[in-house]
Every structure is written in C-alpha cells, then in structure tokens.
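Naming convention: chains lettered A, B, ... in sequence-line order (proteins, then strands); numbering from 1 in each chain.
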2 protein chains.
Amino acid sequence: MQDTAIPATKRTAMTNQSQAVSADLIAVVIAVTNGEPRVLTIGKPGALPSGPFELGHRSLQSGLRAWVERQTNHPLGYVEQLYTFADRDRIGDERVQISISYLGLTREEQAERSPTHGWHGWYDYFPWEDHRAGVPPILPDILTPRLLAWADDVEDPSMRRDRRQRVAYAFGLDDRDWNEELVLQRYELLYEAALVAEAARGRDTSGAPALPGRPMIADHRRILATGIARLRTKIKYRPVVFELMPPAFTLLQLQRTVEALAGRLVHKQNFRRLIEQQDLVEETGETMSDTGGRPAKRFRFRQAVLAERAVAGTKLPLTRA
Amino acid sequence: MQDTAIPATKRTAMTNQSQAVSADLIAVVIAVTNGEPRVLTIGKPGALPSGPFELGHRSLQSGLRAWVERQTNHPLGYVEQLYTFADRDRIGDERVQISISYLGLTREEQAERSPTHGWHGWYDYFPWEDHRAGVPPILPDILTPRLLAWADDVEDPSMRRDRRQRVAYAFGLDDRDWNEELVLQRYELLYEAALVAEAARGRDTSGAPALPGRPMIADHRRILATGIARLRTKIKYRPVVFELMPPAFTLLQLQRTVEALAGRLVHKQNFRRLIEQQDLVEETGETMSDTGGRPAKRFRFRQAVLAERAVAGTKLPLTRA
DNA sequence: CCAAGTTATACTCGCTATGAGCATAAGGAG
DNA sequence: CTCCTTATGCTCATAGCGAGTATAACTTGG
C-alpha cells in the first residue's frame with residue numbers, strides 16, 4: 001500500500017545533481033515445511049535472491065517479485081519491506097549501492113528441485129536460535145564463554161560493563177529470560193566478537209576454530225537475521241502465520257509452525273484457546289487421523305479477518321518448555 | 001546499527017547493468033512544544049527537509065543528518081528509518097527516484113526563527129487525528145458522512161461492503177474503538193476518497209469544497225502520516241518519548257507529551273503507576289511549583305534503561321477521556 | 001488567615017488475559 | 001483389551017490494567 005506511486009512534483013532539494021546510485025532488491029523468502037522454517041537461496045554459497053531495480057519495474061515490490069520469480073521460479077505471496085541500507089563498493093568506487101530488503105512468505109512447493117536455487121533451514125545459519133528442544137548446547141558450550149571472554153577483552157571498565165550487559169541481555173544470561181525476538185542483536189554481537197565467519201573476512205583465519213552457523217554472501221546473513229526478527233515479532237500481533245500454512249490444517253500443525261518460527265514451544269491448550277477466541281479460524285468439517293492419536297479437526301484461516309481488522313492481533317502464548 | 005557498512009562482495013545479481021537511479025533522503029522531524037507535537041518543515045508550502053544522498057555521506061543516516069542540519073540548522077537526535085519507496089518521474093522520464101524516509105526526534109530550540117524553515121503543529125495537517133478534547137467535530141460533521149458517501153458510490157456490492165468496512169475500521173465507526181495508530185490507513189482512505197487536496201492534483205477542483213487539513217508538497221503528507229503512525233506505535237513499547245523531553249520534567253509534563261503524540265488522554269494515576277513501576281525515571285530532588293497546585297517532583301530519564309533493556313517496554317495506559 | 005481551586009500522590013476494587021495444570025475423549029498399535 | 005498418543009474441555013491463581021476514591025500540598029482571591 002505504501003508502494004503506491006504518487007507523482008512527484010518539483011524536487012525541493014537544494015541541489016539536483018544527485019549522485020548516481022544503483023538500487024538492489026534483496027528478498028528473504030520464508031516457508032515452513034515439516035515444522036522447519038526455511039529460507040530460499042540461490043547459488044552454491046548461500047545467497048539471497050536479489051537483483052537490481054530496473055526501469056521496467058512498476059514498483060519496488062513488483063521488481064522484487066520479478067527477480068525472485070525469475071531466479072527461483074517461485075511465486076511470492078505476502079511481501080513486506082524490511083530495511084534499506086547503503087554500501088560503498090569496496091574499492092572506494094564512485095558508485096554507491098543501495099539495497100532494499102524485503103521479507104516474503106510462501107509455501108515451499110513440493111515439486112521441482114533446481115540447481116539454481118534451494119531451501120535451507122534457517123537454523124543452519126543460526127543454530128543458537130532454536131530453543132524448541134531446550135537451550136541449544138552450542139550456547140553454553142561455545143558461544144556464551146567466548147562472548148564473555150570478548151566482553152572482558154577490553155581495558156575500559158565502563159565499556160566492559162556495557163559489553164557484558166549487552167551480551168547478558170541479548171542472550172538471556174543470568175536470571176534473564178531468552179527473548180526470541182533479539183535475533184539481529186545477537187547476530188551483531190557475534191559479529192562484533194568475530195564469532196561468525198563473515199566478520200573474519202579479509203583477516204587471516206588460518207588455524208582459527210570453526211565458527212558456528214553457515215555463513216552467507218556479503219551481509220546476507222545479517223539481512224536474514226533482520227527478516228527472522230521481524231517475522232518473530234510480527235506473528236505476535238498480525239495473522240501472518242497463515243501465509244505459511246496450507247489451505248487446511250490442524251491446530252497442532254499451526255502450533256508447530258508458530259513454534260518453528262519462534263524457536264520455542266508454546267502451551268498447547270492455551271494456544272488453542274487464543275486462536276479460537278480470536279476467531280482466526282473456522283472448521284472445514286473434515287478431520288485428520290494421521291499422527292496416531294485422536295483425530296484432529298481441520299481448520300482453515302478465516303479470510304474475513306483480514307478485512308475485519310487488518311491490524312488486530314494474533315497473540316501467542318510463549319512458554320519456556 | 002543496521003546502518004553499519006559491511007563491504008559488499010561480488011554481486012550475485014544476474015545482470016550488472018543496473019539502472020541508474022537517484023536516492024533522496026526525507027526526514028520527518030518531530031518535537032513536542034507546550035503540549036503540541038510539531039514537525040519541522042522547509043519552504044513555504046510545507047515540505048519536509050530532504051536532499052539527495054551523496055558520495056560524501058558516510059551512510060544514509062549521516063546523509064540525512066547532514067541535510068537536515070544544512071537546511072534547518074537543527075541538530076538531530078534520535079533517528080530511525082521509516083520506509084523506502086520509488087517514484088517514476090512523472091514525464092515518463094528515464095530517471096527513477098528512490099526516496100528513503102526517516103523519523104527523527106528532537107526538542108524544538110527556543111531560539112532562532114528562520115525564514116528557511118519552521119515548525120508546524122502536526123494536527124494542522126491531520127485535524128481529525130486529535131482526540132484529546134473528544135472526537136473532533138470535523139469527523140462527524142464532514143469526514144464521516146463524506147467517507148460513507150464515497151463508500152456507497154460504487155456499483156459492486158462486495159466492493160461497497162469492503163469500503164464501508166475499511167472506513168468503519170479505520171475511523172472507529174459503529175461500536176468500534178478509535179485506534180490512534182491507524183494514521184496512515186486513515187490518510188490513505190481520505191486520499192482514495194479524494195478528501196485531501198493532494199488527491200485532487202491535476203484534476204479540476206474549481207468550485208469544490210475546501211478539503212480538511214493543510215496539504216504538503218508531493219507525497220510528504222503521506223510520509224508524515226507514516227512517521228506519526230510509527231511514533232504512536234513506538235511510544236508504547238520503547239522509551240522514545242524521552243527524546244522529546246527536556247532533561248528534567250514532571251510526570252504531568254511527560255504525560256502531556258504522550259497525550260500530544262497519541263492524540264488522546266490517559267488516566268493520570270495509572271500513567272504514573274506505569275512509569276514508576278518500570279523504573280524509567282528517577283527523581284532529581286528538585287520540585288516544580290508553577291502550575292498552581294501542589295508542587296510536583298521533577299524527574300529525569302534513567303539513561304541506564306537504554307543499556308539494561310534496549311528493547312524492554314514503556315507501556316501506556318490509553319483511555320477514552 | 002481562610003476558602004476555593006488546582007495539581008500531586010496513595011490506595012483500593014474488579015475484571016480480564018494469561019500461564020499452568022488436571023481430566024476426559026477418541027483414535028491406532030500391539 | 002490395554003497402552004500410547006493426540007485432541008479437547010475446564011479450572012485455578014495471579015498479574016496487569018482500567019477506573020474511581022481519598023488525601024496532601026500548594027496558589028490565589030478575599
């Protein structure tokens with residue numbers, strides 16, 4: 001909606017010889033398959049679909065859709081803008097690159113495997129973010145000690161305190177709770193502490209210990225972190241989970257999807273209560289008897305809620321375990 | 001933090017002959033003076049400070065700061081990105097303009113009046129958004145009837161229902177509550193219904209009735225609406241109000257500022273309870289005996305909270321009246 | 001100095017939302 | 001038929017929040 005083009009009148013800027021820049025569109029496309037959140041990538045080394053904004057594109061969003069579909073043959077559903085940033089090309093080039101990143105939600109098509117693109121579980125990139133089976137060992141075993149060591153590795157005591165506090169806050173140390181939304185803050189701390197491969201680029205890393213999580217091209221992993229954080233925040237107040245669900249589903253399937261995204265478990269009964277009392281779904285009439293238990297009713301998303309309260313809420317009960 | 005420059009490696013895009021575009025930075029700079037929220041403008045007709053992103057700028061944000069300070073001599077404090085959009089220059093030009101908008105918060109300097117810039121109450125632009133003294137007459141008297149007329153002015157019954165529903169939702173009709181965050185949705189509905197001057201540009205408006213709210217250049221009013229909406233949302237979960245406060249203030253002053261932003265009144269006692277129990281402020285020791293009542297303690301923002309919980313919460317009790 | 005008006009502050013009440021469990025229902029696998 | 005597993009229904013206790021009552025502490029006009 002923000003993407004609507006309103007003709008610009010005379011520019012009010014003082015100069016008009018504005019610098020020529022190029023604009024790139026980058027997509028974080030998410031799907032959840034078998035209870036695992038996955039991200040759409042292209043090429044071998046793990047890169048997000050992207051491409052330059054071109055004259056033929058009607059709007060930024062449609063340009064993005066065009067690129068994703070061209071590179072992956074995968075149509076996009078829900079799309080929202082994430083963040084815009086600028087990189088100076090590294091050789092002190094006269095060219096400035098502006099990247100506009102987007103979050104997209106779809107369902108992974110079962111068909112077509114392709115060499116040009118693929119889906120990867122997002123916890124491959126962020127293994128410390130999955131707390132569904134409890135605190136992942138990588139945290140207490142590797143990351144926490146190294147982060148604390150990094151925090152202490154500075155002379156200025158106030159800066160040391162600041163680092164400790166940021167680490168403790170972002171990673172839920174001491175008595176603090178784990179906050180699943182702080183994906184970006186955690187990644188940035190790890191980057192600062194040179195605990196992700198991307199931070200070591202250009203440095204000599206021979207003989208250094210392996211760093212956790214699969215790296216990505218350029219700053220794509222940071223962008224992915226931004227997308228995950230946004231999605232984890234958003235599912236709490238907007239009915240976007242349904243973009244990731246098939247047309248009909250059981251409440252447990254819905255719950256598993258939410259848990260996959262949030263990286264933590266929720267209380268089953270309370271989850272159902274919340275979903276039902278918000279009238280987000282309606283029964284299809286069918287029932288599912290697969291998973292070896294009492295058959296579950298199947299539901300579908302009540303499309304009407306989008307119109308009724310485009311902004312209302314999908315609250316989620318988030319528990320420890 | 002997102003603005004950090006990480007060197008981009010080889011572009012993964014399929015083509016590299018990326019379209020030359022120009023990038024503009026636009027600022028929505030807000031201050032609250034005497035219980036009135038104001039926006040920083042330049043030039044006569046009401047335009048937001050803006051200017052092209054240039055090579056000399058270290059980052060998008062610093063470019064924005066440079067422009068605002070150059071155009072208004074006003075230093076910026078808190079800044080966050082709002083939205084990025086693209087306009088095709090209207091004459092089917094080969095040039096595409098990308099605009100990156102920001103929200104900035106400061107305090108209005110008492111000194112220097114300048115012809116090059118000025119502060120304007122934001123309710124001049126959005127008179128229907130101020131509900132502090134109850135529902136503004138312009139709504140029931142003018143806007144609501146015209147919006148409903150617009151909604152009915154379409155053949156397709158499902159589209160008519162959709163329009164009615166959107167209007168009712170955005171403007172809190174029927175039994176619905178007024179939601180102060182829907183600033184952008186309301187503006188867009190008014191635009192669609194041609195009830196704001198910007199929508200009538202290029203059309204013949206001779207003899208048409210006056211439209212509510214002061215218009216702005218190009219789509220600047222829409223951008224302002226985006227900024228207001230973001231701020232109204234954000235004060236509810238981040239301690240950003242304090243960016244708008246003087247170093248020391250009474251709780252009532254703080255409350256008035258919040259009310260000015262939200263456009264609605266809050267329950268005084270509950271407001272205090274919330275602020276205090278969150279440890280957002282600390283007493284300065286001084287007391288203020290101005291406003292003809294019992295003297296109020298003065299408080300200052302506890303800067304520590306920014307470190308303690310960079311994300312925590314500043315909940316606001318929002319009541320009807 | 002007193003009365004009235006105004007703002008500051010302290011508490012109390014009642015309801016709702018939400019975190020946690022307990023209990024029962026309804027299938028499938030052996 | 002028994003055990004296991006998942007689905008569903010209900011209860012309970014509490015924290016948080018919307019509202020309202022009751023004082024306290026000044027200022028200002030007689």
Side-chain angles (χ1 to χ4, degrees), chain A residues 34-35 131-132 177-180 235-237 248-259 262 264-300 312-321, chain B residues 34-35 131 177-180 235-237 248-259 262 264-299 312-321:
Chain A
N34 299 324
H131 288 229
R132 285 175 294 176
D177 282 332
W178 173 262
N179 183 341
E180 75 278 359
I235 52 173
K236 291 177 187 166
Y237 65 98
F249 47 84
T250 69
L251 290 184
L252 185 59
Q253 289 172 331
L254 181 64
Q255 180 182 346
R256 293 293 178 232
T257 301
V258 165
E259 291 173 335
R264 53 164 39 183
L265 300 179
V266 304
H267 180 106
K268 190 167 177 168
Q269 294 93 322
N270 291 346
F271 180 79
R272 308 172 102 268
R273 175 173 65 188
L274 225 43
I275 298 296
E276 285 175 335
Q277 82 187 5
Q278 286 177 108
D279 276 318
L280 291 172
V281 297
E282 59 190 6
E283 304 185 10
T284 65
E286 313 158 280
T287 164
M288 268 272 291
S289 47
D290 285 34
T291 43
R294 170 173 170 178
K297 291 181 193 164
R298 302 185 79 192
F299 293 84
R300 76 171 71 92
T314 319
K315 309 211 181 161
L316 296 181
L318 290 172
T319 330
R320 11 239 126 274
Chain B
N34 300 324
H131 287 230
D177 281 332
W178 175 260
N179 183 342
E180 75 277 359
I235 52 174
K236 291 176 186 166
Y237 65 98
F249 47 83
T250 68
L251 290 184
L252 185 58
Q253 288 172 331
L254 181 63
Q255 180 183 345
R256 293 292 178 233
T257 301
V258 165
E259 291 173 336
R264 52 164 40 183
L265 301 179
V266 303
H267 181 104
K268 189 168 181 170
Q269 296 93 320
N270 291 347
F271 180 80
R272 307 171 106 269
R273 176 173 64 186
L274 226 42
I275 298 296
E276 286 175 335
Q277 82 188 8
Q278 288 178 105
D279 275 317
L280 291 171
V281 297
E282 60 192 4
E283 302 186 10
T284 65
E286 312 159 283
T287 164
M288 269 272 290
S289 48
D290 286 33
T291 43
R294 171 173 169 176
K297 291 181 192 162
R298 303 185 80 193
F299 294 84
T314 319
K315 311 213 180 161
L316 295 181
L318 289 172
T319 332
R320 6 240 126 274

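- Taking atom CD1 on Ile275(B) and atom P on dC17(D), their separation rounds to 12 Å, with Å as the unit.
- Salt bridge status for Arg298(B) with Glu286(B): present, with a side-chain N to carboxylate O gap under 4.0 Å.
- In this structure, of dT9(C), dA19(D), dA25(D), it is dA25(D) that holds the atom nearest to the side chain of Pro295(B).
- In this structure, Arg256(B) and Gln269(A) both approach DNA chain C, and ranking their closest nucleotides by distance from the 5' end singles out Arg256(B).
- If you check dG18(D), dA7(D), dG20(D) against the side chain of His267(B), the one that comes closest is dG20(D).
- Asp177(A) places its CG atom 13 Å from the C1' atom of dG19(C), with the value rounded to the nearest Å.
- Considering only side-chain N and O atoms, Lys268(B) lies under 4.0 angstrom from the phosphate OP1 or OP2 of dA8(C).
- Separating the CZ atom of Arg294(A) from the C1' atom of dA26(C) is a distance of 5 Å, rounded to the nearest angstrom.
- Look at Arg272(A) and you'll find a side-chain N or O under 4.0 angstrom from OP1 or OP2 of dT8(D).
- Leu251(B) comes within 4.0 angstrom of nothing in the nucleic acid, heavy atoms only.
- Across all strands shown, Gln277(B) has heavy atoms under 4.0 Å from sugar-phosphate atoms exclusively, and none from any base.
- Atom-to-atom, CD of Gln278(B) to C1' of dA15(D) comes out at 14 Å; the value is rounded to the nearest Å.
- Looking at the side chain of Arg273(A), the nearest of the listed nucleotides dG18(D), dG19(C), dT8(D) is dG19(C).
- Along DNA chain D, the nucleotide nearest Gly293(A) and the nucleotide nearest Glu276(A) are compared for position; the residue whose nucleotide lies closer to the 5' end is Gly293(A).
- Here the side chain of Ala296(B) is nearest to one of dT8(D), dA8(C), dA20(C), namely dA8(C).
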